[in-house]
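This report concerns only the one structure given below.
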Amino acid sequence: MEERPGRRGHAVVRDWAERRTRPRGSRFRELMSTRSFGLVLLGLAVSYGLSIALSGSPIRKQGASIVIVAQMATVLIALRASQARRVVRGIAFAAMAFAAGAAVLNLFGASKEPSGWVFVAGGLMFLVTPISIVRSIVQSGSVDREVVLGVIDAYLMIGMFFAFSYRALGLLQSGSFFGPGGEGTTAQDLFFSFTTLTTTGYGNLVPAENPGQSFAVLEMLIGQLFLVTALAKIVSAWRPTRWGLSPA
């Protein structure tokens, strides 16, 4: 007797057919929607690029405030895409209010260097938001494009949180963050953060003392634990049909 597919089977085949017939333009608009983690990834790329480009420029002080604005926009989109809970949104909005105040004070401050509090504010925003993204990923019943993009977004936010934390320490503490290597620039802190997060460890940049050393250890542990749990989620819930592949 021929076995008929159940309702779930019909739903999977129908979903696959709709994805195959969907126009490419609509797929791109869906990816760039404020409800998509694709636009969050674009915002993170812009924030990263601005941080690198403006860190050594003559307007690096004003550039720090520009980066904060890009981060705030990225966080707002991430909260919407992850359908953040009210508590998380409240904490994130408080962090953004602090960030806005720090950005304004940075512009009118007497020092020629950017304020360390600007980077504290940037770090706080990227500390809260990944929690909402991870919750959204965990609650997802299967793995699709949005889940994978969400994993990438959360991972990048963790790396950027630590990078801005290192930069803040370099500006606020009395000694140089990298010892003989100096306080470092935003570009160097981003490089150091992601080599630490991935446990690559080139060794060309090393925190001279605590709390920088302890932060680096914490980042190593979080990076490894995140990869293990994220990969476990993706492998356990992997469904090829969710990516537009032909069902077996």
Side-chain angles (χ1 to χ4, degrees), residues 34-37 39-52 54-55 60-109 113-139 149-173 177 186 189-190 193-194 196-197 211-212 214-216 218-219 222-223 226:
T34 55
R35 295 183 180 273
S36 172
F37 287 120
L39 192 58
V40 178
L41 183 59
L42 178 62
L44 289 172
V46 171
S47 298
Y48 187 95
L50 288 174
S51 299
I52 298 294
L54 298 174
S55 64
R60 57 183 177 271
K61 179 180 177 180
Q62 296 84 344
S65 296
I66 295 173
V67 172
I68 283 289
V69 174
Q71 287 178 291
M72 292 173 66
T74 303
V75 167
L76 284 173
I77 299 170
L79 293 174
R80 179 178 174 83
S82 62
Q83 298 179 356
R85 292 182 176 180
R86 183 178 300 177
V87 174
V88 177
R89 291 200 306 268
I91 297 173
F93 290 155
M96 282 189 283
F98 175 71
V104 172
L105 291 176
N106 175 68
L107 289 175
F108 296 100
E113 295 294 326
S115 169
W117 293 107
V118 175
F119 297 97
V120 171
L124 286 175
M125 286 193 293
F126 282 166
L127 173 64
V128 177
T129 312
I131 297 174
S132 180
I133 296 177
V134 170
R135 183 188 66 84
S136 176
I137 293 170
V138 170
Q139 291 182 347
L149 288 173
V151 169
I152 296 173
D153 291 340
Y155 193 65
L156 292 177
M157 282 187 176
I158 293 171
M160 294 181 76
F161 157 71
F162 279 100
F164 290 124
S165 298
Y166 298 140
R167 184 66 177 135
L169 288 173
L171 292 171
L172 295 175
Q173 70 183 17
F177 183 78
T186 306
D189 289 317
L190 284 165
S193 178
F194 282 102
T196 303
L197 186 68
S214 298
F215 264 67
L218 181 62
E219 184 175 15
I222 291 177
F226 184 89

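Worth knowing before you read on, the calculation uses all heavy atoms, side chains too, and leaves out hydrogens, waters and symmetry mates.
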Shortest non-hydrogen separation from Asn106 to Pro114 and the atoms involved:
OD1-CA, 3.3 Å
Review item, side-chain donor-acceptor pairs of residues 89-105, under 3.5 Å, at least two apart:
residue: Arg89; atom: NH1; partner: Ala84; partner atom: O; Å: 2.6

Closest non-hydrogen contact found for Ala70 with Leu50 is CB-CD1, 4.0 Å
Are Ser82 and Phe37 packed together at the side-chain level, in the sense that at least one heavy-atom pair is separated by less than 4.5 angstrom?
yes
Would you check if Leu156 and Phe194 make a side-chain contact, meaning some heavy-atom pair closer than 4.5 Å?
yes
Closest non-hydrogen contact found for Ala81 with Val40 is CB-CG2, 4.5 Å
What are the two closest non-hydrogen atoms of Val67 and Ser51, and how far apart are they?
CG1-OG, 3.4 Å
Result block: side-chain N/O donor-acceptor pairs under 3.5 angstrom for residues 122-131, not counting sequence neighbours:
residue: Thr129; atom: OG1; partner: Met125; partner atom: O; Å: 2.8

Tightest non-hydrogen contact, residues Ala216 and Thr196, listed as O-CG2, 3.4 Å
Please report the C-alpha distance between Val120 and Leu172 in whole Å, then the side-chain angles of each, then the deciding distance to 0.1 Å, and finally whether the side-chain contact (heavy atoms from CB on, under 4.5 Å) criterion is met.
CA-CA 10 Å; Val120 171; Leu172 295 175; 4.1 Å; yes
Test Val151 against Phe226 for side-chain contact (heavy atoms from CB on, under 4.5 Å), laying out the working first.
CA-CA 9 Å; Val151 169; Phe226 184 89; 4.0 Å; yes
Evaluate the ring planes of Tyr166 and Phe215, with Trp represented by its six-membered ring, and classify them as parallel (under 30°), tilted (30 to 60°) or perpendicular (over 60°).
perpendicular
Sidechain-backbone polar pair: Ser136 side chain, Ser132 backbone, donor-acceptor under 3.5 Å
no
How far does CD1 of Ile158 sit from CG of Asp153, to the nearest 0.5 angstrom?
11.0 Å
Quick check: do Phe119 and Asp189 have side-chain heavy atoms less than 4.5 Å from each other?
no
Measuring from Met160:CE to Arg167:CZ, what's the distance to the nearest 0.5 Å?
14.0 Å
Taking atom CG of Leu107 and atom CD1 of Ile66, what is their separation to the nearest 0.5 Å?
8.5 Å
Would you give the length of the straight line joining atom CE of Met157 to atom CG of Leu41, rounded to the nearest 0.5 angstrom?
9.5 Å
Nearest heavy atoms of Ile133 and Ala154, plus distance in Å:
CG2-CB, 4.0 Å
